Amino acid sequence: MTHFLQTVIDALSLGSLYALAALGIGLLFGIMRLINFAHGDFIAIVAYALIVPSLDVTARLFIGNFSWPILLMAVMTVGIVVALSANALVFRRMRSASPQNLMVVSFALGYVIQNLLMMVYGARPKGVGIWSSLTQVAEVAGLRVPLLQAVTIGATVFLLLAILAFMRLTPYGVQMRAAAEDFKMARYLGVRAEFVIGLAFAISGLLAAVVSLLFVVQTGVLSPTMGVNIVIFAFIATVIGGMGSLVGAVLGGLAVGAATSLLQAYLPADIRPFRDTIVFALVIVLLLVRPSGLIRLKQFEERV
């Protein structure tokens with residue numbers, strides 16, 4: 001029983017990381033119908049901002065040396081600036097493009113970012129150690145719970161509630177919900193389209209920064225492609241949760257994390273290398289049974 005509860009905690013922690021990334025993807029899709037695969041590269045940029053730009057194999061901390069309140073503000077600022085810059089330089093010029101074209105552009109942008117990081121920092125992975133205190137383990141009722149896992153789960157719950165409150169209780173949030181429901185009609189009714197889109201990008205950049213920081217603390221390794229696997233699983237979480245649903249994105253992330261952790265814990269050792277294949281097969285089965293995802297939104301039914 002203890003082993004099972006330990007696996008559940010691991011699943012919640014991993015699922016929370018996917019859920020935060022899925023929130024950033026789902027938010028942009030809800031308003032722009034943009035599946036932003038460059039989101040993972042936003043995560044990588046924020047991570048590399050922690051160190052001094054250099055081709056040296058050994059990383060030297062830059063932002064990563066700041067005290068934790070300033071560090072949090074700095075990485076969130078970097079994430080927001082990166083996302084807003086991508087919107088201004090790339091996506092703003094393609095407002096009338098189809099969702100398929102926007103997705104291709106996001107792939108291209110991500111590839112450009114990866115190569116720019118290689119040019120500035122080198123292609124070799126670099127080790128980075130920050131917030132080592134979060135790796136400490138606490139004993140709770142016989143369970144070994146790393147503080148980082150508790151922080152990851154808590155950050156996901158807090159950010160989800162904060163975003164939902166923002167969307168429901170503030171004028172800007174109401175405008176974003178209206179834009180997600182019917183973008184053209186919202187513009188006719190006076191919603192400032194560019195402001196709403198920019199706000200969505202800013203929030204997605206903030207979420208990318210949080211994911212980046214938690215991931216770096218957990219792994220201690222930087223690489224130009226570090227965000228690719230995260231964004232793939234986050235996209236899967238967004239799809240199975242229900243495209244455009246923020247709550248669905250979180251549920252999807254938790255589901256993917258649970259499946260990954262449980263399979264890793266209980267599959268025979270010789271089958272574990274095929275864990276991700278089994279996860280993807282389960283996703284296919286779920287979408288065959290429920291093509292619209294866990295939470296169905298009427299405005300997206302015709303796109304499924």
Side-chain angles (χ1 to χ4, degrees), residues 1-26 35-41 43-44 47 107 110 114 125 127 134-135 137 143-153 155-156 207-208 210-243 248-291 293-295:
M1 184 65 180
T2 301
H3 176 66
F4 175 75
L5 291 176
Q6 186 72 58
T7 303
V8 169
I9 293 175
D10 295 340
L12 286 175
S13 176
L14 180 60
S16 295
L17 200 65
Y18 292 152
L20 286 175
L23 275 175
I25 294 175
I35 301 173
N36 184 22
F37 282 102
H39 190 77
D41 301 289
I43 293 173
F107 268 118
Q114 289 175 25
L134 290 182
T135 61
V137 178
L143 299 176
R144 295 175 57 84
V145 182
L147 183 58
L148 178 60
Q149 290 187 340
V151 170
T152 302
I153 296 170
T156 301
L207 292 170
V210 175
V211 172
S212 179
L213 190 57
L214 292 172
F215 188 71
V216 170
V217 175
Q218 180 179 347
T219 63
V221 177
L222 305 181
S223 73
T225 59
M226 61 183 290
V228 173
N229 284 338
I230 296 177
V231 82
I232 289 175
F233 281 101
F235 172 66
I236 293 172
T238 305
V239 172
I240 66 176
M243 296 297 287
V250 173
L251 292 177
L254 293 176
V256 171
T260 302
S261 296
L262 291 173
L263 289 173
Q264 181 66 28
Y266 294 106
L267 280 177
D270 55 342
I271 302 180
R272 285 177 189 169
F274 305 100
R275 178 198 64 187
D276 290 348
T277 302
I278 298 174
V279 171
F280 294 147
L282 292 174
V283 170
I284 292 173
V285 171
L286 175 61
L287 293 178
L288 287 174
V289 174
R290 193 174 178 84
L294 298 175
I295 297 180

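Basis for what follows: all heavy atoms, side chains included, without hydrogens, waters or symmetry-related copies. Because the structure is predicted, anything quoted here is derived from the model rather than measured.
Expressed to the nearest 0.5 Å, how far OG of S212 lies from CG of L207 amounts to 12.5 Å. To the nearest 0.5 Å, atoms OG1 (T156) and CG (L20) are separated by 3.5 Å. In this structure, CG on L282 lies 11.0 Å from OG1 on T277, to the nearest 0.5 angstrom. A distance of 9.0 Å separates OG1 in T152 from CG in L147, rounded to the nearest 0.5 Å. Within the model, atoms CZ of R290 and CD1 of I240 stand 12.0 Å from one another, a figure rounded to the nearest 0.5 Å. In this structure, L263 CG and F274 CZ are separated by 13.5 Å, a value rounded to the nearest 0.5 Å.
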Let me check something: any side-chain donor-acceptor pairs from residues 216-234 under 3.5 Å, sequence neighbours excluded? List them with distances.
from, atom 1, to, atom 2, distance (Å)
T219, OG1, F215, O, 2.9
T219, OG1, V221, N, 3.4
S223, OG, M226, N, 3.3

Under 3.5 Å, sequence neighbours excluded: what are the donor-acceptor pairs made by side chains of residues 252-261?
from, atom 1, to, atom 2, distance (Å)
T260, OG1, V256, O, 2.8
S261, OG, G257, O, 3.1

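Using a 4.5 Å heavy-atom threshold, the side chains of V210 and L214 count as touching.
With sequence neighbours excluded, the residues that form a side chain to side chain donor-acceptor pair (under 3.5 Å) with Q114 are D41.
Considering every non-hydrogen atom in both A265 and R272, the closest pair reads O-NH2, 3.7 Å. Nearest heavy atoms, Q264 versus R275: OE1-NH1, 3.2 Å.
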Worksheet item: Would L267 and I278 satisfy side-chain contact (heavy atoms from CB on, under 4.5 Å), going step by step from the backbone distance to the final call?
Response: CA-CA 10 Å; L267 280 177; I278 298 174; 3.8 Å; yes

